[in-house]
Amino acid sequence: MPFTLATWNINSVRLREPLVCQLLEQESPDVLCLQECKSPVDKIPLEAFRALGYTHIVARGQKGYNGVAILSKQPIRDMGDQDFATLGHARHVAAELENGVTIHNFYVPAGGDVPDRAVNEKFGQKLDYLSDMRDWFRAEPPRKAILVGDLNIAPREDDVWSHKALLKVVSHTPIEVEALAETQSAGAWVDITRQDIPEGQLYSWWSYRARDWDAADKGRRLDHVWATPDISSAAHGSRVLRAARGWEKPSDHAPVFATFDL
DNA sequence: ATGGCTTGTATAACAAGA
């Protein structure tokens, strides 16, 4: 049975409960993975999501920051979480569908402003988080798995509005792009979004600070959908719902979709 | 070139985002 999956950095699931509901009603994905819920699990507005048919939920949360959740129409099994870089943050959770596919939902640290771990501890934590992911995938090669989330890195030149302007900006520096590539290859992960949309500028995040985000279009592709090679050929139909960035009181990220015939 | 905005929280200015 085909199933459609979406990933969305929601930037407060409580504040944007109506937008989550709008997405669920309008697009009806089978699974929605959220990041930056900024809420303890027991304060996520689950009843609203249950009422729309998303009765199965696996989540990790903390007060104020981070937080990840997987909402599903079909039963999912909680497969635990990883605390990479030992930050004590709610940045990962995994769930297994009844067809045996495992979904990893990640929120990789943003990394602060200065791309130098000697002067910016947060940048070091981001690199440590990525190398711990890499080591984990090397130790336990994933199979029949999908990895989604806000990875906070735009790897390709056409994943940012200006490659040259962003070379020293955290999210697109060569050291981050290399770290992400090592993590990706450690799990043999296929970039499903770029498998489906191989050419052209593609973004999933636009800063709140732009006067007119749509016209300026200074975006970055920070949100990703990856899959292991045993299921990557089942994927199709990837898209970014750019319109959601223009909804009232929006998240600064747009949802990214993919469909798998499995 | 710079500054620009938005969130949650010890509800007044922070920190954090990226």
Side-chain angles (χ1 to χ4, degrees), chain A residues 7-20 34-45 59-69 85 87-92 105-117 119-130 149-180 201-224 240 242 244-256:
Chain A
T7 179
W8 195 12
N9 178 318
I10 193 62
N11 187 17
S12 176
V13 71
R14 283 178 282 174
L15 191 68
R16 284 187 244 285
E17 171 189 339
L19 294 194
V20 174
L34 297 171
Q35 304 87 35
E36 278 209 271
C37 296
K38 295 186 173 179
S39 173
V41 171
D42 62 6
K43 292 188 175 172
I44 297 174
R60 296 294 187 274
Q62 62 185 91
K63 191 162 83 173
Y65 301 102
N66 311 311
V68 287
L87 300 172
H89 296 171
R91 293 181 176 277
H92 167 260
N105 184 11
F106 276 101
Y107 176 49
V108 172
D113 286 327
V114 182
D116 179 353
R117 68 184 308 157
V119 298
N120 171 19
E121 182 185 37
K122 289 191 172 64
F123 193 72
Q125 290 173 350
K126 183 178 196 176
L127 297 179
D128 291 345
Y129 195 94
L130 290 162
D150 178 1
L151 305 185
N152 267 318
I153 296 172
R156 293 176 24 156
E157 293 191 15
D158 52 5
D159 291 337
V160 294
W161 66 275
S162 168
H163 170 62
K164 192 176 172 186
L166 291 177
L167 269 172
K168 294 181 179 175
V169 174
V170 173
S171 72
H172 191 62
T173 65
I175 186 169
E176 292 168 85
V177 171
E178 174 57 26
L180 188 68
Q201 305 299 121
L202 189 63
Y203 316 135
S204 64
W205 172 89
W206 295 261
S207 172
Y208 282 126
R209 297 182 185 186
R211 286 180 187 85
D212 184 342
W213 71 273
D214 195 27
D217 202 19
K218 293 185 172 180
R220 307 176 199 170
R221 188 172 71 100
L222 305 179
D223 303 276
H224 298 266
V240 176
R242 182 178 172 121
R245 179 62 179 78
W247 290 351
E248 193 173 343
K249 290 277 286 176
S251 168
D252 45 356
H253 294 252
V256 181

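Proteins come first, then strands; the chains are lettered A, B, ... in the order of their sequence lines, and each starts at number 1. Just so it is clear, the values below take in all heavy atoms, side chains as well, and ignore hydrogens, waters and symmetry mates.
B/dA15 and B/dT11 have their P atoms separated by 16 Å, with the value rounded to a whole Å. B/dT2 and B/dT6 have their P atoms separated by 23 Å, given to the nearest Å. Spacing of P atoms, B/dT7 relative to B/dA1, comes out at 30 Å, to the nearest Å. Of the P atoms belonging to B/dG8 and B/dG3, the separation is 26 Å, rounded to the nearest Å. Rounded to whole Å, the C1' atom of B/dA18 lies 14 Å from the corresponding atom of B/dG4.
Applying the salt bridge (Lys or Arg N to Asp or Glu O under 4.0 Å) criterion to A/D158, with sequence neighbours excluded, gives A/R156, A/R194. With sequence neighbours excluded, the residues forming a ring pair (Phe, Tyr, Trp, His ring centres under 6.0 Å) with A/Y129 are A/F84, listed by chain and number. Residues passing the side-chain contact (heavy atoms from CB on, under 4.5 Å) test with A/P45 are A/V13, A/R14, A/E17, A/F49, sequence neighbours excluded. Partners of A/T173 under the side-chain hydrogen bond (donor to acceptor under 3.5 Å, both in side chains) rule, at least two apart in sequence or in another chain, are A/E176. With sequence neighbours excluded, no residue forms a salt bridge (Lys or Arg N to Asp or Glu O under 4.0 Å) with A/D223.
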I'd like to compare against my own output: the B/S/- annotation of nucleotides 11-18 of chain B with a strict under-4.0 Å heavy-atom distance to protein.
-----SBB
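DNA chain B is contacted by both A/S12 and A/R211; A/R211 maps to the nucleotide lying nearer its 5′ end (nearest heavy atom per residue).
Distance CD (A/E248) to C1' (B/dT6): 15 Å, rounded to an integer number of Å. For the pair A/L166 CG and B/dA1 C1', the computed distance is 15 Å after rounding to whole Å. Remark: P of B/dT7 and CD of A/Q35 are 17 Å apart, rounded to the nearest angstrom.
By the 6.0 Å and 45° rule, A/R245 stacks over the aromatic ring of A/W213.
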